[in-house]
Amino acid sequence: HTQRPETLIPFALARRGRARIVTLHGSPAQAIEGRRGRLVGAIYREVERVALRRAHHVIAVDAGTAEEYTRRYGWLRGRLSVIPNGVDSTSFHLMDRGEAKRKWGIEGSALLYAGRLEPEKRVLEILRAFHTLGNGHATLLIAGDGTQRSSVEAAARGLPVRLLGDVPRSEVPSLLNASEAVVLFSVREGLPTVALEALACGTPVITTAAGDLRSLIRHVETGYLVSSPSQLEL
């Protein structure tokens with residue numbers, strides 16, 4: 001069971017596994033094309049096609065990805081299921097927010113980005129919007145790591161921003177409870193677990209309408225769906 005198509009190939013070539021399963025978290029092909037260009041993206045799509053041909057079953061965590069892949073590879077019909085991500089409600093639930101803020105040393109309001117620091121996540125756009133907002137009483141928390149870490153660190157200098165690095169899973173529930181909102185501004189998503197975990201903690205989500213987020217977030221009621229950096233500033 002692999003989490004990306006290409007990582008299944010070694011197992012298929014070695015004829016390992018009675019059943020080879022791939023889970024799609026959004027479209028890795030789109031992410032690679034956006035990050036490395038069309039040529040690399042085209043090469044990856046061919047690798048992806050070969051890998052999926054050798055999969056016994058494919059799981060998509062959101063309906064949009066399932067529709068995209070069955071449209072691209074018609075032979076996947078009957079071999080692809082949609083199984084949304086889930087949340088462990090024994091860990092992710094509403095806590096005492098004051099206590100959570102004290103634990104993380106937060107005074108005032110806090111917005112949280114939690115995820116990979118990669119171009120498709122547009123963390124730099126979130127930072128620019130936060131800088132324009134100029135709210136001296138709010139702190140932007142950034143949890144995670146990735147190839148853009150140095151760029152994010154540079155853009156955060158002089159701003160009320162705390163880079164937390166990789167946060168242990170056991171600490172994420174209290175961090176979500178210490179935040180007024182989770183902010184996502186991804187180009188593409190499947191069904192991000194952090195959004196589900198935030199809602200389980202009673203924390204609103206400000207996000208683009210990517211993947212199944214458009215159906216998960218009820219605009220104004222459980223969060224805000226945005227399409228541009230200027231809307232993030234609101």
Flag the pair [X] / [Y] as yes when at least one side-chain heavy-atom distance between them is below 4.5 Å, and no otherwise.
X: V194; Y: V172; result: no
X: T193; Y: H25; result: no
X: L140; Y: L159; result: no
X: C201; Y: H93; result: no
X: R122; Y: Q148; result: no
X: L175; Y: E171; result: no
X: T7; Y: Q3; result: no
X: T147; Y: L117; result: no

Minimum-distance pair of heavy atoms, taken over all atoms of [X] and [Y]:
X: A110; Y: A178; value: CB-O, 4.0 Å
X: E68; Y: S27; value: OE2-OG, 3.2 Å
X: V82; Y: A63; value: CG1-N, 4.2 Å
X: V205; Y: A198; value: CG2-CB, 3.8 Å
X: I206; Y: A181; value: CD1-CB, 4.0 Å
X: L80; Y: T70; value: CD1-CG2, 4.2 Å

H219: what forms a ring-ring contact (aromatic ring centres under 6.0 Å, His included) with it, not counting sequence neighbours? Y224
Please test R71 against E67 for salt bridge (charged side-chain N to carboxylate O under 4.0 Å, His left out), starting from the C-alpha separation and ending with a verdict. CA-CA 6 Å; R71 185 171 61 247; E67 181 181 346; 3.7 Å; yes
Is it possible for you to say whether [X] and [Y] belong to one hydrophobic cluster, with membership spreading through side-chain heavy-atom contacts below 4.5 Å?
X: L196; Y: V183; value: yes
X: L24; Y: W75; value: yes
X: Y44; Y: V58; value: no
X: L163; Y: L184; value: yes
X: L191; Y: Y69; value: no

Mind checking the [atom1]-[atom2] spacing from [X] to [Y]? Nearest 0.5 Å is all I need.
X: R53; Y: L8; atom1: CZ; atom2: CG; value: 14.5 Å
X: L112; Y: L141; atom1: CG; atom2: CG; value: 5.5 Å
X: T203; Y: L111; atom1: OG1; atom2: CG; value: 11.0 Å

Taking 4.0 angstrom as the limit, do E189 and K121 come out as a salt bridge?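 Salt bridge: yes.
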What do the steps show when you test R116 against D145 for side-chain contact (heavy atoms from CB on, under 4.5 Å), and what is the final call? CA-CA 5 Å; R116 294 179 294 113; D145 205 348; over 6 Å; no
Tell me, with the steps shown, if V61 and T23 meet side-chain contact (heavy atoms from CB on, under 4.5 Å). CA-CA 7 Å; V61 301; T23 292; 3.9 Å; yes
May I ask you to decide if [Y]'s main-chain N or O and [X]'s side chain share a donor-acceptor pair within less than 3.5 Å?
X: H57; Y: I21; answer: no
X: E197; Y: F92; answer: no
X: R214; Y: A209; answer: yes
X: T222; Y: R218; answer: yes
X: R79; Y: A55; answer: yes
X: T65; Y: D62; answer: no
X: T208; Y: F185; answer: no

So with a 6.0 Å cut-off around OH of Y73, is the heavy-atom count from everything else above 12? yes
May I ask you to check whether over 12 heavy atoms, not counting those of E99, lie within 6.0 Å of atom CD?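 12 or below, so no.
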Starting from the C-alpha separation in whole Å, work towards a yes-or-no answer on salt bridge (charged side-chain N to carboxylate O under 4.0 Å, His left out) for E6 and R49. CA-CA 9 Å; E6 73 276 15; R49 183 188 66 79; over 6 Å; no
Cation over ring, R20 on F11, under 6.0 Å and within 45°?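 No, a cation-pi geometry is absent between R20 and F11.
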For residues 173-184, which residue pairs qualify under side chain to side chain donor-acceptor pair (under 3.5 Å), counting only residues two or more places apart or in two chains?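 Residue pairs passing side chain to side chain donor-acceptor pair (under 3.5 Å), neighbours aside: K101-E180, K103-S174, W104-S174.
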Under a plain distance cut-off of 3.5 Å, with no hydrogens placed, do E120 and S186 share a side-chain donor-acceptor pair?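 Judged by distance alone, the side chains do not pair up.
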Does either side chain, that of D212 or that of S215, offer a donor lying less than 3.5 Å from an acceptor on the other one? no
For the pair I142 and V152, evaluate side-chain contact (heavy atoms from CB on, under 4.5 Å) and give the outcome as yes or no after the intermediate values. CA-CA 9 Å; I142 298 179; V152 170; 3.8 Å; yes
side-chain contact (heavy atoms from CB on, under 4.5 Å), that's the test. Do V22 and R4 meet it? Break it down for me. CA-CA 6 Å; V22 177; R4 288 172 63 104; 6.0 Å; no
